[in-house]
Amino acid sequence: MENKAKITLYGLSMSTCTQRVIAALTEKGLSFKLVSIDFAGGEHKSKNYLEEKNPFGVIPVLIDENGFKVYESRAICRYLETQYKGKGAELIPTKDAKAQGLFEQAASTEISYFDPYASGIVFERVFKKMKGQGEADETKVAEYKKQLNTNLDVYEKILSKQPYLAGETFTLADLFHLPYGAWLVKLGEGNLFESRPHVKQWWDKITARVSWKTVQAME
């Protein structure tokens with residue numbers, strides 16, 4: 001994106017949480033500057049980072065053109081949708097309370113029934129070793145997969161009645177699945193999506209969006 005952009009995102013293009021925000025920024029049609037954080041050098045745990053960026057020492061962090069700072073990827077995405085309502089795609093429906101309620105329900109579904117298990121598998125298979133915490137615990141991986149399979153059976157029922165998790169249109173609730181879902185596919189677990197026709201149709205649609213293609217091109 002343009003370096004002269006006023007929106008600054010601190011993170012890493014390969015980070016799942018940073019990717020979530022990049023996808024949202026792209027959906028909103030917002031130009032931004034990505035400032036890479038030196039993870040290997042421990043920049044995210046430095047006194048300056050903890051005081052000025054994120055007290056928990058993680059990424060991403062977004063600083064808007066008005067100087068407002070916000071961290072936590074899902075919070076950043078929600079902020080962008082509210083702050084830039086009317087630009088790009090509408091990612092949180094606001095036409096009525098029912099539509100918003102269904103969105104919140106779908107967003108809660110992702111964080112409760114998808115993320116803990118998908119991120120658990122990815123941590124064991126990828127990030128655990130990167131962090132020097134040893135090899136994957138395949139017993140844990142099997143438990144995560146079993147629960148994710150059970151939950152995706154419910155997704156299949158939901159998506160047999162509607163194209164997206166919150167209803168008829170793509171929202172942040174769908175977008176939030178992209179980074180860890182993509183990792184599952186990379187790890188050879190694509191059958192989690194492929195074996196369920198309506199889940200597959202949904203997954204194919206959301207991964208084909210320009211916003212996700214943009215994220216992939218930055219990796």
Side-chain angles (χ1 to χ4, degrees), residues 14-24 27 58 60 72-78 81 89 91-93 98-131 133 135-209 211-212 215-216:
M14 67 168 288
S15 148
T16 50
C17 294
T18 304
Q19 290 175 345
R20 197 174 279 134
V21 177
I22 293 171
E27 287 283 349
V58 293
E72 289 299 309
S73 63
R74 292 174 184 80
I76 296 170
C77 293
R78 288 169 180 268
E81 171 60 19
L91 299 175
I92 300 176
K98 288 181 180 178
Q100 281 189 279
L102 290 172
F103 163 75
E104 293 297 346
Q105 175 179 272
S108 183
T109 295
E110 182 270 334
I111 207 166
S112 300
Y113 304 111
F114 182 83
D115 184 80
Y117 310 105
S119 64
I121 293 168
V122 175
F123 174 78
E124 288 295 331
R125 291 265 181 88
V126 182
F127 299 132
K128 189 176 186 179
K129 194 169 186 177
M130 285 173 63
K131 292 184 176 184
Q133 296 178 19
E135 298 296 326
D137 182 336
E138 289 298 334
T139 302
K140 277 189 177 180
V141 171
E143 290 172 359
Y144 291 140
K145 280 178 65 176
K146 181 180 178 182
Q147 189 58 59
L148 192 52
N149 266 303
T150 298
N151 294 347
L152 286 173
D153 284 343
V154 181
Y155 272 56
E156 178 67 10
K157 291 177 183 176
I158 294 168
L159 293 166
S160 71
K161 300 173 183 175
Q162 59 198 48
Y164 298 99
L165 287 175
E168 296 301 313
T169 58
F170 176 84
T171 68
L172 285 177
D174 304 295
L175 181 151
F176 288 163
H177 290 76
L178 286 165
Y180 278 112
W183 260 114
L184 291 176
V185 174
K186 285 181 190 175
L187 292 172
E189 302 294 348
N191 194 52
L192 288 162
F193 303 121
E194 298 288 330
S195 62
R196 298 168 173 88
H198 295 99
V199 171
K200 179 186 186 305
Q201 191 175 35
W202 165 76
W203 182 249
D204 288 347
K205 275 188 296 193
I206 68 174
T207 53
R209 293 182 75 88
S211 59
W212 188 242
V215 169
Q216 291 177 308

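Heads up: numbering here begins at 1 and tracks the sequence.
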Asks: With distance as the sole test, does Thr109 use its side chain to make a donor-acceptor pair with the main-chain N or O of Gln105 at under 3.5 Å?
Replies: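 Checking the backbone N and O of Gln105 against the side chain of Thr109, a donor-acceptor pair under 3.5 Å is found.
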
Asks: For Thr171 and Ala166, which heavy atoms make the closest approach, and how far apart are they?
Replies: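 Heavy-atom minimum between the residues: OG1-CB, 4.0 Å.
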
Asks: Would you say the side chain of Leu159 lies within less than 4.5 Å of the side chain of Gln201, judging by non-hydrogen atoms?
Replies: no

Asks: Can you name the closest pair of heavy atoms from Glu81 and Ala89 and give their distance?
Replies: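 Looking at all heavy atoms of both residues, the shortest contact is OE1-O, 3.6 Å.
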
Asks: Output yes when Lys145 and Glu124 qualify as a salt bridge under the 4.0 Å nitrogen-oxygen rule, no when they do not.
Replies: no

Asks: Please round to the nearest 0.5 Å and tell me the distance separating atom CD of Gln133 and atom CZ of Phe123.
Replies: 4.0 Å

Asks: Strictly distance-based, threshold 3.5 Å: is any side-chain N or O of Arg196 a donor or acceptor partner for the main-chain N or O of Val154?
Replies: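 Such a contact is absent between Arg196 side chain and Val154 backbone.
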
Asks: Ignoring hydrogens, what is the shortest heavy-atom contact between Arg125 and Leu187? Give both atom names and the distance.
Replies: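 The answer is CB-CD1, 3.9 Å.
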
Asks: Closest approach of Thr18 and Pro60, non-hydrogen atoms and distance?
Replies: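 Scanning both residues completely, I find the closest heavy atoms to be OG1-CB, 3.8 Å.
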
Asks: Show the nearest heavy-atom pair for residues Ala173 and Ala107, with the distance to one decimal.
Replies: CB-N, 3.6 Å

Asks: Is it true that the NZ or CZ of Lys205 lies under 6.0 Å from the centre of Tyr164's six-membered ring and within 45 degrees of the ring axis?
Replies: yes

Asks: Looking at Glu168, is its backbone amide N or carbonyl O close enough to the side chain of Gln162 to form a donor-acceptor pair, meaning the two atoms are under 3.5 Å apart?
Replies: no

Asks: CG/Leu178 to CZ/Arg20 distance, rounded to the nearest 0.5 angstrom?
Replies: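 If I round to the nearest 0.5 Å, the distance is 9.0 Å.
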
Asks: Could Lys200 and Glu156 be called an ion pair, given the rule that one side-chain N must be under 4.0 Å from one carboxylate O?
Replies: no

Asks: What distance do Ile158 atom CD1 and His198 atom NE2 have between them, rounded to the nearest 0.5 Å?
Replies: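 Here the interatomic distance stands at 12.5 Å.
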
Asks: Atom CG in Asn149, atom CD in Glu189: separation rounded to 0.5 Å?
Replies: 9.0 Å

Asks: Evaluate the side-chain proximity of Gln216 to Thr207: yes if any heavy-atom separation is below 4.5 Å, no if none is.
Replies: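 Contact flag for Thr207/Gln216 side chains = no.
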
Asks: If the threshold is 4.0 Å, N to carboxylate O, is there a salt bridge linking Glu135 and Lys129?
Replies: yes

Asks: Taking atom CG of Leu184 and atom CG of Leu152, what is their separation to the nearest 0.5 Å?
Replies: 8.5 Å

Asks: Regarding Arg74 and Asp115, does a basic nitrogen lie under 4.0 Å from an acidic carboxylate oxygen?
Replies: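 Yes, charged N to carboxylate O under 4.0 Å.
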
Asks: Among Phe193, Tyr155, Trp212, which residue meets the ring-ring contact (aromatic ring centres under 6.0 Å, His included) test with Trp203?
Replies: Phe193

Asks: Find the distance between CG (Asn151) and OH (Tyr113) and round it off to the nearest 0.5 Å.
Replies: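 Result: 7.5 Å between the selected atoms.
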
Asks: Do Lys186 and Trp183 form a cation-pi contact, if we require the NZ or CZ to be under 6.0 Å from the six-membered ring centre and within 45 degrees of the ring's axis?
Replies: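 The answer is yes, since Lys186 meets both limits relative to Trp183.
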
Asks: Please find the pair of heavy atoms, one from Ala23 and one from Ser211, that lie closest to each other, and give the distance.
Replies: O-CB, 3.4 Å

Asks: For Thr150 and Lys146, indicate whether the former's side chain and the latter's backbone hold a donor-acceptor pair under 3.5 Å.
Replies: yes

Asks: Please determine whether a side-chain nitrogen of the Lys or Arg among Lys157 and Asp153 lies less than 4.0 Å from a carboxylate oxygen of the Asp or Glu.
Replies: no

Asks: Can you find a side-chain donor-acceptor pair between Tyr180 and Thr16 that sits under 3.5 Å?
Replies: yes

